[in-house]
Protein chains: 2
Amino acid sequence: MLKENILFKGLDTDRIQQIIHTTGTREVTYAPGEIIMHQGDVAQDIGIVLQGSAIGKKYTRAGEEIIASVLTENKIFGDVLSGADGFASPVTVQAVTKCTVLFINYKNLLYSSHPQAHKILQNMIRNISMKYFVQNKRMEILMLKSVRSKITTYLEWQADSKGGRSFTIDMDRQLMADFLGVERSALSRELSRMKKDGLIDYHKNHFVIL
Amino acid sequence: MLKENILFKGLDTDRIQQIIHTTGTREVTYAPGEIIMHQGDVAQDIGIVLQGSAIGKKYTRAGEEIIASVLTENKIFGDVLSGADGFASPVTVQAVTKCTVLFINYKNLLYSSHPQAHKILQNMIRNISMKYFVQNKRMEILMLKSVRSKITTYLEWQADSKGGRSFTIDMDRQLMADFLGVERSALSRELSRMKKDGLIDYHKNHFVIL
DNA sequence: TGTAATTCGTTGCCATTGCAACGGGAGGTT
DNA sequence: AACCTCCCGTTGCAATGGCAACGAATTACA
């Protein structure tokens with residue numbers, strides 16, 4: 001399973017085994033609802049979800065909860081945090097189902113003399129960089145002022161990445177509204193206006209750009 | 001000078017020389033206004049500004065220009081882009097003054113057998129991760145709905161990172177407004193309201209949280 | 001020192017959008 | 001089938017904030 005993990009891509013099973021055994025990993029199982037990492041923690045470990053699922057959430061100053069990421073099997077977390085070295089975690093990671101996590105110590109990985117560690121660092125750079133760009137795209141959208149421009153930019157982005165003018169997104173209205181930084185009702189209102197204007201067609205989370 | 005570069009921190013001059021000579025770097029000088037990298041380019045090189053200064057800018061769908069970063073001496077660019085491997089550059093990099101740039105090929109760096117390359121990758125990870133978090137903080141602010149909450153969150157963040165309730169920021173009003181994703185006039189209006197309400201005091205770009 | 005240019009604060013106007021409340025429809029459960 | 005729950009669309013209201021225009025203040029420059 002780890003062979004498919006974004007962190008170990010390009011390595012064969014033996015090498016992965018080797019690295020896991022020599023860098024001092026640990027495996028922890030959490031009950032549903034249990035906190036895996038607290039907002040504010042300064043972690044040095046990269047976590048890999050082996051079984052179950054978890055979410056990364058964050059609380060604003062106003063106290064409202066925001067779901068920052070959904071961690072399913074074989075997803076990793078804490079990589080950017082470990083990489084930044086000394087930053088406080090902006091999110092709380094909480095088990096949704098019963099959940100087993102493999103922790104790899106980043107420092108040990110860094111100072112291991114494995115020639116394979118190089119490959120892992122490369123994978124880590126690629127992963128963090130890609131996260132950076134996704135965030136960057138979202139920022140570009142959040143900076144826009146009107147709801148319509150946000151929707152347009154978002155939909156064209158989705159069309160580009162899914163390779164067609166007819167596509168299904170993997171968010172419901174509420175998540176989409178959160179992503180665009182607008183009210184759900186305002187989003188619905190503007191979507192129906194755009195449909196009336198003949199710009200788009202949609203049903204639920206399937207969209208067509210006309 | 002490169003010893004102080006974020007990419008080479010922790011390495012001594014000899015090692016840096018060695019790496020530069022064996023990984024095939026190239027040095028290019030640009031005239032003021034000349035384009036160093038185009039939006040949409042797929043680059044594999046990390047650029048280091050040796051002399052002069054440049055800016056990274058980006059154009060929205062609406063055609064307005066956004067300054068994404070200011071590149072002074074010894075700053076690097078293209079690191080996230082190289083790291084992501086295959087992504088198109090979201091920004092155009094343009095020389096402001098006459099400008100000399102050292103390009104390092106990322107692939108060569110990856111496949112170099114230098115033990116020092118490891119250290120550079122670590123530095124690169126730290127740099128990209130930190131950029132990620134700064135972006136993350138900005139996103140958190142951009143998602144807020146009222147101008148006042150944006151200002152409050154921003155100022156407390158600055159107070160935290162500068163270690164005091166009285167501090168100077170390195171942006172003028174226009175840049176600050178862009179950063180918060182609001183109109184300059186709306187920002188000024190809300191700032192003066194907050195002063196009247198006794199929450200803050202300020203003059204130009206110096207702020208005090210009361 | 002005089003002039004130009006840049007930056008910032010202020011204000012009026014009003015479109016946009018947040019907010020709240022409601023209703024309908026789809027899907028799941030007993 | 002009846003009921004419940006979740007998700008989405010709709011709408012009225014109020015006000016936030018974008019936009020534009022202007023003036024004051026500070027700086028730059030000659």
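Lettering follows sequence order; numbering is per chain, from 1.
Using a cut-off of 4.0 Å between Lys/Arg side-chain N and Asp/Glu carboxylate O, A/Asp201 and A/Arg165 are scored as not salt-bridged.
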Could you give the side-chain donor-acceptor pairs of residues 119-127 of chain B under 3.5 Å, partners two or more places apart or in another chain?
| unit_1 | atom_1 | unit_2 | atom_2 | d |
| --- | --- | --- | --- | --- |
| B/Asn123 | ND2 | B/Leu7 | O | 2.9 |
| B/Asn123 | ND2 | B/Lys9 | O | 3.0 |
| B/Asn127 | ND2 | B/Asp79 | OD2 | 2.8 |

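Five base pairs at each end of the helix from C/dT1-D/dA30 to C/dT30-D/dA1 define two local axes, and these are offset by 50° (rounded to 10°).
For B/Arg148, the side chain to side chain donor-acceptor pair (under 3.5 Å) partners at least two apart in sequence or on another chain are B/Glu190, B/Asp197. With sequence neighbours excluded, no residue satisfies side chain to side chain donor-acceptor pair (under 3.5 Å) with A/Thr72. Residues forming a ring-ring contact (aromatic ring centres under 6.0 Å, His included) with A/Tyr202 (at least two apart in sequence, or on another chain): A/Phe207. Listed by chain and residue number, B/Phe87 satisfy the ring-ring contact (aromatic ring centres under 6.0 Å, His included) test with A/Phe133 (two or more places apart in sequence, or in another chain). For B/Tyr106, there are no ring-ring contact (aromatic ring centres under 6.0 Å, His included) partners at least two apart in sequence or on another chain. Among residues two or more places apart in sequence or in another chain, the side chain to side chain donor-acceptor pair (under 3.5 Å) test is passed with B/Glu183 by none.
Residue pairs satisfying the ring pair (Phe, Tyr, Trp, His ring centres under 6.0 Å) criterion with at least one member in residues 146-200 of chain B, sequence neighbours excluded, are listed as follows: B/Tyr154-B/Phe179. Sequence neighbours left out, the pairs with a member in residues 86-99 of chain A that pass side-chain hydrogen bond (donor to acceptor under 3.5 Å, both in side chains) are A/Lys57-A/Gln94.
Contacts between residues 140-148 of chain B and DNA chain D, defined by a heavy-atom separation under 4.0 Å, are made by B/Lys145, B/Ser146, B/Val147.
In this structure, NZ of A/Lys196 is placed 13 Å from C1' of D/dG9, rounded to the nearest angstrom. As rounded to whole Å, 12 Å separates atom P of D/dG9 from atom CG of A/Asp201. A/Gln174 places its CD atom 14 Å from the C1' atom of C/dA20, with the value rounded to the nearest Å. Computed from coordinates, the B/Asp178 CG to C/dT7 P distance equals 12 Å when rounded to whole Å. Remark: P of D/dC13 and CD of A/Glu183 are 19 Å apart, rounded to the nearest angstrom. If you take CE of A/Met176 and C1' of D/dC7, they are 15 Å apart, rounded to a whole angstrom. Straight-line distance from the CG atom of B/Asp172 to the C1' atom of C/dC8: 10 Å, rounded to whole Å. Separating the CG atom of B/Asn205 from the C1' atom of C/dC8 is a distance of 12 Å, rounded to the nearest angstrom.
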Hey, what are the protein-to-nucleotides 9-13 of chain C N/O distances that come in under 3.5 Å?
| unit_1 | atom_1 | unit_2 | atom_2 | d |
| --- | --- | --- | --- | --- |
| C/dG9 | OP1 | B/Arg173 | NH2 | 3.3 |
| C/dG9 | OP2 | B/Arg173 | NE | 2.8 |
| C/dG9 | OP2 | B/Ser188 | OG | 2.7 |
| C/dG9 | N7 | B/Arg184 | NH1 | 3.1 |
| C/dG9 | O6 | B/Arg184 | NH2 | 3.1 |
| C/dT10 | OP2 | B/Ser192 | OG | 3.1 |
| C/dG12 | O6 | B/Arg189 | NH1 | 3.2 |

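Residues B/Ala159 and B/Ile209 share a closest heavy-atom pair of CB-CD1, 3.9 Å.
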